[in-house]
Amino acid sequence: MNPMIEKRIGNNIRMLREKKNMTQELLAAKMQIGGCDITRSAVAKIEVGQRHLYPDEIILIKEILEVSYDDIFLI
């Protein structure tokens, strides 16, 4: 994947998370409950474009943050 696109998607996720007044720790915990083995550190890396997203993570992030795929992938 293009690093610039990964950074943009990560930034979108960060902004959407912050709009919900949710910490990285809380997002990671909710994702763990949803079945994703992810840490707060991994969420931080996603948000700065240093870690790839897996399809199951994208689906859970969408559900947890109550946003659309367009919101996540807006470039």
### side chain to side chain contact (heavy atoms under 4.5 Å, CB included) evaluation trace for Lys62 with Ile72
CA-CA 8 Å; Lys62 176 192 171 292; Ile72 293 171; 4.0 Å; yes
If I compare all heavy atoms of [X] with all of [Y], which pair ends up nearest, and what's the gap?
X: Leu65; Y: Lys20; result: O-CE, 2.8 Å
X: Ala28; Y: Thr39; result: CB-C, 3.7 Å
X: Leu60; Y: Gly35; result: CD1-N, 4.4 Å
X: Lys7; Y: Val48; result: CG-O, 3.6 Å

#### Entry: Crowding at CG, Asn2 (>12 non-hydrogen neighbours, <6.0 Å)
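Yes, the 6.0 Å shell around CG holds more than 12 heavy atoms from other groups.
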### Query
After noting the C-alpha distance and the side-chain angles of Leu74 and Asp70, does the key distance pass the side chain to side chain contact (heavy atoms under 4.5 Å, CB included) rule?
CA-CA 6 Å; Leu74 182 65; Asp70 288 342; over 6 Å; no
To the nearest 0.5 Å, how far apart are [atom1] in [X] and [atom2] in [Y]?
X: Glu63; Y: Met31; atom1: CD; atom2: CE; result: 10.5 Å
X: Gln24; Y: Glu18; atom1: CD; atom2: CD; result: 8.5 Å
X: Lys30; Y: Cys36; atom1: NZ; atom2: SG; result: 14.0 Å

### Task
Carefully, step by step, assess Tyr69 and Ile61 under the rule side chain to side chain contact (heavy atoms under 4.5 Å, CB included).
CA-CA 10 Å; Tyr69 290 115; Ile61 289 170; over 6 Å; no
I'd like to check [X] versus [Y] (side-chain heavy atoms, cut-off strictly below 4.5 Å). Are they in contact?
X: Met22; Y: Ile64; result: yes
X: Ile9; Y: Phe73; result: yes
X: Glu57; Y: Ile46; result: yes
X: Leu53; Y: Ile13; result: yes

### Message
When you measure from the side chain of Glu47 to the backbone of Ala44, do you find a donor-acceptor pair of N or O atoms at a distance under 3.5 Å?
### Response
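A pair under 3.5 Å: no.
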### Task
Mark yes or no for whether Glu6, through its side chain, and Arg51, through its backbone, hold a donor-acceptor pair below 3.5 Å.
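No, the answer is negative, given that no donor and acceptor are paired below the 3.5 Å cut-off.
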### Query
Is it the case that one hydrophobic cluster holds both Tyr54 and Ile59, taking links as side-chain heavy atoms less than 4.5 Å apart, direct or via other members?
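They do not share one cluster, since no chain of ILVMFWY contacts under 4.5 Å joins Tyr54 to Ile59.
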### Query
Is Ile5 linked to Ile58 within one hydrophobic cluster, defined over Ile, Leu, Val, Met, Phe, Trp and Tyr using a side-chain heavy-atom separation of less than 4.5 Å?
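Ile5 and Ile58: one cluster.
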### Task
Go through the steps for Arg40 and Thr23 under the test side chain to side chain contact (heavy atoms under 4.5 Å, CB included), then give the verdict.
CA-CA 9 Å; Arg40 188 222 43 91; Thr23 64; over 6 Å; no
